[in-house]
Amino acid sequence: MREYGLYIGGEWVGGASGETFQSFNPYRQQPWATLREATEAEVDAAVQAAQKGNETWRAMNGGARAEILNRIAAVLSANGDDLAELESTDNGKVIRETRSQMQFVARLFRFYAGYADKLYGSTIPLDQPAIFDYTTREPYGVVGLITAWNSPISLLGNKLPAALAAGNCAVVKPSEHASVTTLEFCKLLEKAGVPPGVVNVVTGGPKVGDAMVRHPGIAKVSFTGSPGVGRIIAATAGQHLKPVTLELGGKSPNIIFDDADLDQATVGALAGIFAATGQTCIAGSRLLVQKRVHDEIVERLAERAKAIRMGDPLDPATEMGTAANEPQFNRIMAAIDSAKGDGATLVTGGARATGAGLDDGLFIQPTIFSGVTNDMKVAQNEIFGPVLSVISFEEEDEAIAIANDIPYGLASGVWTTNLSRAMRTIPKLRSGVVWVNTYRMVAAQAPFGGVKESGFGRERGEQGLLEFTNVKNVMIDFSGEKRDPFAVKN
Ligand code: NAD
């Protein structure tokens, strides 16, 4: 068993004393780490440490901050495989994905390092020629970063590099279901020479997150998680008039038109739902297929789904890992049972996966339902597991209507070889991301985020940086005039 305390002001605090909880390895279904449930006083200590850290961090020029961010990238890159192993142990995600995620987070640190000394404002010509107007971009100070269990370091990577580059310090809370790598990451931050207090980590459940959102010393919250918790956080933040960025769930439509390259589209549909065991916000969990190619696509997908190699998440040959934790396993199984009751046709899967190397773990068979209508629960509710709903359509407009008929709006996929069709479809899709002839593609430069109940605000790209800044406008009057004190000057 590993034991972890909290990471506050560059120190490990509390050890595994006080109130603790355990993290489970979902492959072996065994506890493997003991962590500390932070108290409100410890959250407060973390905020104070971040405020102190911010004095140092803000006083550094952008070039010096960039240097440290680049060092974090180098240390993470060099230690990425070890961290990936821990993450796969903690949440059952396959090592081939966690390894590449660590390298991508290193890329994000490098990307935002490039911005740290290029946080430009603008000079603005006004109607009044004798006023010099310019803007600067200022950090919030201390930001609170709260993440989900499905990809702790990757989700942190969407927030922390941008927050630091902009001059903020952070109090981070990973999910109580998978906190180990966020704490281990702090050891890498130390190796990279990050000053004490710049990044602080508190662990625990909802109470700890809530204490962060309420804390007056946290000026902004960036949250990744479920829409239900997103609502609570937005409401609490609203009471404190605190800005929030919300990266929430999805039920993304992946649309295959009948002129698509079916080999590519099949791979895209598989990647959309079975990569990461479907436990990804961008899962293409509603597959909309045009009638003429519907049966062929379903057949191809079923054949490939049955052959998906499940097993030890740490084995690079494994394609699909476990459900990340027991509550999530139970939620997925309940959703499968409900779909069967809804009248959807079970094409393949639909049960717990058992057999050699699988019996101890929380494995679920890759599951495909066809004959789904968009009003069924299996089509409307985010399952966050390897469960695909296939919906047949005839016309382009019908596909767009079905795609948009959902409370979520995170991502959409479009498969077509007809450029005009793609260009017609893109603006009609109500989602923050559209992929055409690809799916689940991420890039440091490209902004990511949702509309509707998938949240608001953006991560990655320049937009992700600006989320962690406020604009200050400055007017300097060099006219030397004496003005009328009772009239606004315009
Ligand atoms: P969750 O909402 O249950 O928990 C997320 C985090 O919020 C955890 O750290 C949790 O402890 C904390 N939390 C819970 N209640 C809180 C409260 N009242 N105040 C403050 N913090 C609180 O989500 P989850 O089950 O960990 O993750 C799955 C969800 O995350 C899915 O809906 C998925 O789509 C979403 N997700 C979204 C993205 C994205 O970028 N849009 C990425 C990954 C996951």
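Worth saying up front: this structure is predicted, and the values here are computed from it rather than measured. Residue numbers run from 1 in the order of the sequence given.
No side-chain N or O of Asn254 forms a donor-acceptor pair with one of Trp435 less than 3.5 Å apart. Looking only at atom types and distance, the side chain of Gln101 has no donor-acceptor partner in the side chain of Thr98 under 3.5 Å away. Inspection of the Arg110 and Asn70 side chains reveals no N or O donor paired with an N or O acceptor under 3.5 Å. Asp90 and Ser23 form a side-chain donor-acceptor contact under 3.5 Å, judged by distance and modelled atom types alone. Side-chain contact of Lys220 with Thr245: a donor-acceptor pair under 3.5 Å is present, judged by distance alone. When only modelled atom types and interatomic distance are considered, Glu87 and Asn91 share no side-chain donor-acceptor pair under 3.5 Å. Side-chain N/O atoms of Thr277 and Lys93 include no donor and acceptor closer than 3.5 Å. A donor-acceptor pair shorter than 3.5 Å cannot be found between the side chains of Thr203 and Glu176.
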Exercise for the section: Could you go through the side-chain contact (heavy atoms from CB on, under 4.5 Å) check for Ile146 and Val213 one step at a time? Expected result: CA-CA 9 Å; Ile146 302 175; Val213 180; 4.0 Å; yes

Exercise for the section: Decide yes or no on salt bridge (charged side-chain N to carboxylate O under 4.0 Å, His left out) for Arg286 and Glu382, but give the supporting numbers first. Expected result: CA-CA 10 Å; Arg286 288 186 302 147; Glu382 182 185 44; over 6 Å; no

Practice task
I would like to know whether Ser226 and Phe384 meet side-chain contact (heavy atoms from CB on, under 4.5 Å); could you show each step before the answer?
Solution key: CA-CA 10 Å; Ser226 61; Phe384 218 59; over 6 Å; no

Practice task
Assess whether side-chain contact (heavy atoms from CB on, under 4.5 Å) is satisfied between Val451 and Tyr408, documenting all intermediate values.
Solution key: CA-CA 7 Å; Val451 298; Tyr408 296 105; over 6 Å; no

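The side-chain hydrogen bond (donor to acceptor under 3.5 Å, both in side chains) pairs that include a residue from residues 308-319 are Arg304-Glu319, where partners are two or more places apart or lie in different chains.
Between Lys159 and Glu459 there is a salt bridge, with a side-chain nitrogen of the basic residue lying less than 4.0 Å from a carboxylate oxygen of the acidic one. Ion pair Glu184/Lys187 flagged as a salt bridge, since at least one NZ, NE, NH1 or NH2 atom sits closer than 4.0 Å to an Asp/Glu carboxylate oxygen. A salt bridge between Lys118 and Glu462 is absent, with no side-chain N of the basic residue lying under 4.0 Å from a carboxylate O of the acidic one. For Glu467 and Arg460, the salt-bridge test fails: no basic side-chain N is under 4.0 Å from an acidic carboxylate O.
Across all their heavy atoms, Cys169 and Gly197 have their closest contact at CB-O, 4.0 Å. Listed here is the closest heavy atom pair of Leu429 and Ser412: CD1-CB, 3.8 Å. Listed here is the closest heavy atom pair of Val13 and Arg36: O-CD, 4.0 Å. Residues Ser285 and Lys251 come closest through the heavy atom pair OG-CD, 3.4 Å. Residues Val47 and His215 approach most closely at CG1-CE1, 3.5 Å, considering heavy atoms. Counting all heavy atoms, side chain and backbone alike, Phe109 lies closest to Leu160 at CZ-CD2, 4.1 Å.
Side-chain contact between Leu119 and Leu465 is present, with heavy atoms from C-beta onward closer than 4.5 Å. You'll find the side chain of Arg71 reaches within 4.5 Å of the side chain of Glu67, heavy atoms only. The shortest side-chain heavy-atom distance between Phe274 and Ile368 falls under the 4.5 Å cut-off. Arg440 places a side-chain heavy atom less than 4.5 Å from the side chain of Ile282. Side-chain contact between Leu156 and Phe185 is present, with heavy atoms from C-beta onward closer than 4.5 Å. Contact of the Met320 side chain with the Val94 side chain is not registered, since no non-hydrogen atoms from C-beta on lie closer than 4.5 Å.
No donor-acceptor pair closer than 3.5 Å links the side chain of Gln279 to the backbone N or O of Ala323. Looking at Asn79, its side chain never comes within 3.5 Å of a backbone N or O of Asp82 through a donor-acceptor pair. Side-chain N or O atoms of Tyr4 include none that pairs as donor or acceptor with a backbone N or O of Ala33 at under 3.5 Å. Proximity of a side-chain donor or acceptor of Gln29 to a complementary backbone N or O of Asp360 within less than 3.5 Å is detected. Thr367 places no side-chain N or O within 3.5 Å of a backbone atom of Val387 that could act as its donor or acceptor partner. Proximity of a side-chain donor or acceptor of Ser175 to a complementary backbone N or O of Ala148 within less than 3.5 Å is not detected. Judged by distance alone, the side chain of Lys207 and the main-chain N or O of Ala38 form no donor-acceptor pair under 3.5 Å. Side chain of Asn54 to main chain of Trp57: no donor-acceptor pair is present (N/O by atom type, distance under 3.5 Å, no hydrogens or angles). No donor-acceptor pair under 3.5 Å is formed between the side chain of Lys377 and the backbone N or O of Ala339.
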Would you list the atom pairs, donor with acceptor, under 3.5 Å between side chains in residues 228-241 and any protein atom, with sequence neighbours excluded?
residue : atom : partner : partner atom : Å
Arg231  : NH2  : Glu453  : OE1          : 3.1
Arg231  : NH2  : Glu453  : OE2          : 3.3
Thr236  : OG1  : Ile232  : O            : 2.9

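Using the six-membered ring where Trp is involved, Trp149 and His177 have ring planes that are perpendicular, over 60° apart on the 30 and 60° scheme.
Within 6.0 Å of atom CD in Gln22, more than 12 heavy atoms from other residues, nucleotides or ligands are found, so the atom counts as buried in its surroundings.
With sequence neighbours left out, Tyr140 forms a ring pair (Phe, Tyr, Trp, His ring centres under 6.0 Å) with no residue at all.
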